Asker: 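Below is one structure. I have some questions about it.
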There are 2 protein chains.
Amino acid sequence: MSGIRTLGIKTAKAPGRRSRRGRAGGAGRSAPRQNAHLHVPFITRKIPTYDLLNDEALARIEQAADRILAEIGIELREDAEAMRLYREAGATVTPVSDAAWNIRFEPGMLREILKTAPARFTQHARNPANNVEIGGDAVVFAPAYGSPFVMDLDKGRRYGTIADFENLVKLAQSSPWLHHSGGTICEPTDIAVNKRHLDMVHAHMRYSDRAFLGSITAPDRAADSIEMCRILFGAQFVDENCVIMGNFNTTSPLVLDGVTTAGIRTYAAAGQGSIHLPFLLGGAVSPLTMAGSVAQCLAESMASCALTQLVRPGAPAVLAGFLSSMSLRSGSPTFGTPEPALGSLVMGQLARRLNLPLRCAGNFSTSKRPDGQAMQQSMMSMMSAIQGGANYILHTAGFLDGLLSMSYEKFVMDCDMAGALHAYLNGIEVTEDTLGVEALAQNGPGEHLFGTDHTLRHYQTAYWDSGLNDDQPFETWDEQGGIDHAQRANARWKEILAGYEAPPMDESTGEALNDFIARRKASMPDAWY
Amino acid sequence: MSGIRTLGIKTAKAPGRRSRRGRAGGAGRSAPRQNAHLHVPFITRKIPTYDLLNDEALARIEQAADRILAEIGIELREDAEAMRLYREAGATVTPVSDAAWNIRFEPGMLREILKTAPARFTQHARNPANNVEIGGDAVVFAPAYGSPFVMDLDKGRRYGTIADFENLVKLAQSSPWLHHSGGTICEPTDIAVNKRHLDMVHAHMRYSDRAFLGSITAPDRAADSIEMCRILFGAQFVDENCVIMGNFNTTSPLVLDGVTTAGIRTYAAAGQGSIHLPFLLGGAVSPLTMAGSVAQCLAESMASCALTQLVRPGAPAVLAGFLSSMSLRSGSPTFGTPEPALGSLVMGQLARRLNLPLRCAGNFSTSKRPDGQAMQQSMMSMMSAIQGGANYILHTAGFLDGLLSMSYEKFVMDCDMAGALHAYLNGIEVTEDTLGVEALAQNGPGEHLFGTDHTLRHYQTAYWDSGLNDDQPFETWDEQGGIDHAQRANARWKEILAGYEAPPMDESTGEALNDFIARRKASMPDAWY
């Protein structure tokens with residue numbers, strides 16, 4: 001500390017000192033001016049990927065995936081059309097019951113089929129400035145997905161409602177550090193199961209002007225989601241462009257259920273994107289050892305992705321993996337742990353060898369509070385996503401309680417962290433200017449650099465400036481109430497919602513969407529399953 | 001989530017289910033059995049380093065460091081002996097005052113001098129089972145260093161005392177996830193400045209049986225530290241082996257003060273280790289741009305390291321860097337931010353090119369609470385240390401409040417995180433067994449793997465098992481009080497201290513140390529500066 005204390009920089013006047021602090025912060029729409037250079041519709045990574053394994057080890061994992069597909073096979077249930085597509089493509093189909101088939105693939109067959117899938121594609125947003133690219137060196141952050149519960153510090157944990165859903169879409173839209181509106185940002189459990197997809201898609205369309213995910217829980221709900229996009233974007237545009245994606249889980253180990261495959265076929269037939277996610281809880285639905293989890297993940301995701309190309313060659317498909325571990329003492333799943341983080345790095349390597357975009361990892365945690373555990377686990381998991389080269393990072397914001405709860409506080413904490421990751425992915429520029437030898441020479445040894453030309457030239461862009469973390473001296477922090485990160489986040493999300501304004505929407509489009517939703521809702525009784 | 005929900009694994013019986021939980025946790029001496037395979041005196045990394053920059057960029061940084069050393073030079077103050085050593089080695093010395101000299105080095109000169117420094121060396125502990133290696137693929141974790149304050153949830157922030165110092169050494173000794181006892185674990189401000197080094201070194205010797213750091217605040221205190229080692233290890237052993245290290249800060253920018261260089265000379269003459277640390281707060285004492293901070297860091301640390309080889313060729317020297325950023329709005333230093341994390345990765349690359357061990361980064365944070373901010377910042381910083389290939393990671397445990405405070409709670413939180421990093425650095429093993437195709441084949445598609453031979457064979461070693469994080473279902477957690485990570489840590493450190501037992505020490509050695517300390521204390525009046 002001698003450097004700091006000697007120079008007394010805590011009291012020194014810094015260039016560009018600003019009194020403005022708080023309100024607009026990193027989680028809000030208008031972030032501090034220092035971060036403006038980091039605002040992008042999606043990130044283009046400027047740092048290399050972190051390649052954990054060598055080519056030989058990767059080849060062994062690929063061979064294991066090939067063996068799984070050729071020797072054990074995938075069980076497809078209740079989708080004869082998908083069965084027919086796999087069989088016509090050359091797979092070996094063996095019935096295991098009236099409506100289930102074991103499907104085996106010769107080594108290399110799925111890789112050949114996947115050659116027609118794009119390595120990179122654009123998902124269009126209703127505001128074209130927010131279009132995102134998925135694949136290659138592009139990185140897209142989206143909120144967490146699928147929690148039945150929501151929680152905040154005031155009211156604790158309770159089932160999510162459509163009001164929560166809308167709030168969370170608004171929080172996402174308000175953050176410059178997310179790029180995509182996500183999908184089932186929480187389950188709106190106060191709406192009938194067979195109708196809630198309409199309100200969810202509608203919320204993304206109204207309260208966000210970013211790209212989003214549609215429903216996948218039934219083929220007709222997938223079709224409704226795409227039909228609403230035709231109203232928003234125009235039918236021809238939808239046929240020619242990816243404007244929506246569906247996130248499809250395999251039923252691990254090694255099962256594809258018919259609802260999922262029918263949904264995948266619906267999105268692919270419409271030329272829309274799909275994500276093919278094995279949710280692998282090691283020891284439960286995949287081998288305990290991470291090499292085995294990753295091999296199975298590759299096998300399942302390739303088999304699922306390939307279906308899209310059999311329906312419509314060229315349809316966007318995203319390889320994916322949700323790797324997690326478990327407590328072998330309690331049987332509880334554990335998230336944000338080291339082994340899945342390593343596995344995610346390897347999934348990145350495998351996706352690049354396959355030349356497909358990747359969805360992997362996110363801000364995972366098992367904590368029930370937006371506390372130290374939550375952020376430690378999240379950061380370990382999230383770093384694996386961005387270092388490993390994941391392209392679409394679902395679960396970037398809000399994930400708590402092993403994904404059972406979406407936390408309002410963690411949402412804004414994660415958004416701020418996502419901002420820091422923008423700076424991280426920006427890398428280090430090495431030029432004559434950034435090497436700054438002249439800056440050191442200007443005043444010479446022993447003299448601070450506050451007033452150098454170099455400092456004045458770079459001070460607005462040199463460092464990520466968190467809008468949520470507290471960097472003040474202890475005394476100032478203490479005088480201002482001495483509150484912690486979670487309490488700041490609690491105040492912040494309320495401020496953001498209070499200041500939220502919806503992006504404008506063409507009136508006739510709004511009416512057409514309302515009409516469609518009203519007609520669809522009137523066409524069926526409420527169902528709660 | 002469909003996988004988890006379908007299989008209902010939250011209630012399924014896991015193999016090896018154990019009721020034991022809590023007391024012994026990851027931060028305690030006896031960690032859960034699952035982690036036993038990770039217990040090591042120091043880590044041997046099994047994962048590659050994360051190499052951020054290409055060779056061309058690294059060469060440019062090295063050239064900038066060479067320019068700084070050749071064109072601007074280092075200012076050496078008040079150590080004519082060090083000046084003489086540099087001059088005799090070929091440096092250009094220009095007096096700038098009666099007791100200060102500008103020292104310039106031709107490009108390549110310091111690299112040539114540093115060739116005699118070991119790339120890897122052993123620091124001996126009084127318990128030989130705890131010897132650590134520093135350099136190469138070895139990774140050593142040590143507690144945070146240098147805070148004047150301590151804090152805990154019960155009593156808040158206050159000045160550190162020798163009682164705190166002893167408590168923190170005991171906490172460190174009790175964690176299987178630290179390897180080294182550190183040095184000024186907090187400032188014992190209740191002991192006179194000119195005497196506290198005796199009590200600090202004594203506490204490390206009595207309450208820990210691991211390696212530690214000695215005093216560097218004055219040459220005679222450095223000499224006392226080494227003399228106490230001669231009592232503990234024997235004079236000949238000390239002359240022939242590294243048993244203590246000193247952590248020396250440069251006075252950035254580009255100054256070496258005479259107290260520091262005299263201390264460095266004292267350690268080197270005794271064949272003991274020294275760490276050469278520029279503490280670079282970008283914009284204050286180094287260029288704002290990270291490439292410039294890293295170039296300066298390399299220049300300063302090389303110049304400081306080289307002095308050891310001029311005193312005693314072959315003396316252990318550790319290249320180091322403490323890179324930090326600042327809030328350009330307030331002038332406050334910021335820690336755990338993305339740019340220094342990137343810079344630390346680059347320091348790793350530069351150290352390997354120089355073939356020297358590296359100390360870099362740690363669990364940095366500016367938070368005043370052991371909260372989400374603290375652990376998010378810590379994890380970002382700490383990941384850079386372990387991914388970048390740092391060998392000696394000071395500040396692994398307890399760092400809060402921009403290093404002004406050592407937190408009891410964060411100490412055990414960080415120790416638990418350090419355990420997770422043992423698993424991370426263990427990497428992914430890819431073998432026929434870990435690929436686990438047979439595990440999947442045993443029950444086939446759709447069947448869980450709980451009871452497979454593969455699971456039973458691997459369940460004790462597959463996953464890091466945190467002793468502090470909560471992974472229980474929400475309802476269980478809630479019934480048990482619904483406490484957060486910091487509150488668990490608060491209970492944990494008290495449990496550990498209550499159960500602490502000092503490692504045995506030979507009685508005559510203990511008496512000899514007491515005699516030495518008593519004599520030294522009696523030889524001078526208290527001084528408080």
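In what follows, chains carry the letters A, B, and so on, assigned in the order in which the sequence lines appear, proteins first and then strands, with residues in each chain numbered from 1. Just so we're clear, the structure is a prediction, and the values are computed from it rather than from any experiment.
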Asker: Locate the shortest heavy-atom distance separating B/H485 from A/Q373; write the atom from each residue and the value.
Answerer: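 Smallest interatomic distance, heavy atoms only, reads ND1-N, 2.9 Å.
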Asker: Got a second to check how far A/E75's CD is from B/E447's CD, nearest 0.5 Å?
Answerer: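 Going from CD on A/E75 over to CD on B/E447, the span is 8.5 Å.
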Asker: Do you know which of B/V255, B/T476, B/L449 has the most heavy-atom pairs with chain A at a distance under 4.5 angstrom?
Answerer: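 Looking at each option in turn, the highest pair count goes to B/L449.
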Asker: Go through the atoms of A/D51 and report whether side chain, backbone, both or neither lie under 4.5 Å from a heavy atom of chain B.
Answerer: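 Backbone only.
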Asker: Relative to chain A, which of B/A441, B/A295, B/P278 shows the most heavy atom pairs under 4.5 Å?
Answerer: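 Answer, by heavy-atom pair count under 4.5 Å with chain A: B/A441.
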Asker: If you apply the rule side-chain contact (heavy atoms from CB on, under 4.5 Å), what do you find for A/Q296 with B/L440, and how did you get there?
Answerer: CA-CA 9 Å; A/Q296 179 185 341; B/L440 278 170; 3.4 Å; yes
Asker: If you look at every heavy atom in B/P253 and A/G444, which pair is closest and at what distance?
Answerer: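 Reported closest heavy-atom pair: CG-O, 4.3 Å.
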Asker: Do A/T334 and B/D471 meet the criterion of a side-chain donor-acceptor pair at a distance under 3.5 Å?
Answerer: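 No, B/D471 and A/T334 have no side-chain donor paired with an acceptor closer than 3.5 Å.
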Asker: B/D433: what forms a salt bridge (Lys or Arg N to Asp or Glu O under 4.0 Å) with it, not counting sequence neighbours?
Answerer: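 Here the qualifying residues are B/R457.
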Asker: Taking every heavy-atom pair that is under 4.5 Å apart, which of B/P48, B/G436, B/A439 has the most such pairs with chain A?
Answerer: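 Looking at each option in turn, the highest pair count goes to B/P48.
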Asker: Is it the side chain or the backbone of A/L53 that comes within 4.5 Å of chain B heavy atoms, both, or neither?
Answerer: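 The side chain, not the backbone.
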Asker: Which atoms of B/Q487 are under 4.5 Å from chain A, going by heavy atoms: the side chain, the backbone, both sets, or neither?
Answerer: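 Neither part.
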Asker: Tell me, out of B/M383, B/H458, B/Q387, B/R77, who's got the most heavy-atom pairs with chain A below 4.5 Å.
Answerer: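 It is B/Q387.
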Asker: Please state whether the side chain, the backbone, both or neither of A/L345 comes within less than 4.5 Å of a heavy atom of chain B.
Answerer: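 Just the side chain, heavy atoms under 4.5 Å.
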Asker: Output yes when a side-chain donor or acceptor of A/E339 lies under 3.5 Å from a complementary backbone atom of B/A423, and no otherwise.
Answerer: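 No; judged by distance alone, with no hydrogens or angles, the pair does not exist.
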Asker: Identify which of B/R157, B/K410, B/H454 forms the greatest number of heavy-atom pairs closer than 4.5 Å to chain A.
Answerer: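 Winner by heavy-atom pair count: B/R157.
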Asker: What part of B/Q63 gets within 4.5 angstrom of chain A, counting heavy atoms only: side chain, backbone, both, or neither?
Answerer: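 Looking at B/Q63, nothing touches chain A.
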Asker: With a 4.5 angstrom heavy-atom cut-off, is it the side chain or the backbone of A/A374 that approaches chain B, or both, or neither?
Answerer: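 Neither part.
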Asker: Measure distances from A/E409 to the heavy atoms of chain B and classify the residue's part below 4.5 Å as side chain, backbone, both or neither.
Answerer: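 Neither; nothing under 4.5 Å.
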Asker: Tell me, with the steps shown, if B/Y459 and A/M326 meet side-chain contact (heavy atoms from CB on, under 4.5 Å).
Answerer: CA-CA 10 Å; B/Y459 80 92; A/M326 61 188 294; over 6 Å; no
Asker: Which residues pass the side chain to side chain contact (heavy atoms under 4.5 Å, CB included) test with B/E429, not counting sequence neighbours?
Answerer: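 Partners of B/E429 by the side chain to side chain contact (heavy atoms under 4.5 Å, CB included) criterion, ordered by chain and then number, come out as B/T431, B/T434.
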Asker: Is A/S286 close to chain B through its backbone or its side chain, or both, or neither, when contacts mean heavy atoms under 4.5 Å?
Answerer: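 Backbone only.
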Asker: Looking only at heavy atoms, which two atoms of A/G73 and B/P445 are closest? And how far apart?
Answerer: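 A/G73 and B/P445 have their closest heavy atoms at O-CG, 3.7 Å.
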Asker: Can you tell me which of A/A462, A/G156, A/P338 forms the most heavy-atom pairs within a distance under 4.5 Å of chain B?
Answerer: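 Max contact count across the listed options: A/P338.
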Asker: Give me the atom names and distance for the closest heavy-atom approach of A/A341 to B/Y424.
Answerer: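 Taking every non-hydrogen atom into account, CB-CE1, 4.1 Å.
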Asker: Picking from B/I47, B/D257, B/T461, B/N443, which has the most non-hydrogen pairs under 4.5 angstrom with chain A?
Answerer: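 If we count pairs closer than 4.5 Å to chain A, B/I47 comes out on top.
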Asker: Return the minimal non-hydrogen interatomic distance between A/E432 and B/R67, and the atom names on each side.
Answerer: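 Residues A/E432 and B/R67, closest heavy atoms: OE2-NH1, 3.2 Å.
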Asker: Could you walk me through whether A/K368 and B/D478 pass the salt bridge (Lys or Arg N to Asp or Glu O under 4.0 Å) test, one step at a time?
Answerer: CA-CA 9 Å; A/K368 321 308 178 284; B/D478 193 41; over 6 Å; no
Asker: Taking all non-hydrogen atoms of both residues, which atom of B/Y463 and which atom of A/G283 are closest, and how far apart?
Answerer: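 Minimum heavy-atom separation between B/Y463 and A/G283: OH-N, 4.2 Å.
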Asker: Does any heavy atom of chain B fall under 4.5 Å from the side chain of A/V346, the backbone, both, or neither of them?
Answerer: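 Interface part for A/V346: side chain.
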Asker: Indicate yes or no for a side-chain donor-acceptor contact from A/Q376 to the backbone of B/M379 under 3.5 Å, with no hydrogens or angles considered.
Answerer: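 No: the side chain of A/Q376 does not pair with the backbone of B/M379.
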Asker: For the residue pair A/I72 and B/V437, establish whether any side-chain heavy-atom pair is separated by less than 4.5 Å.
Answerer: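 SC-SC contact between A/I72 and B/V437 confirmed.
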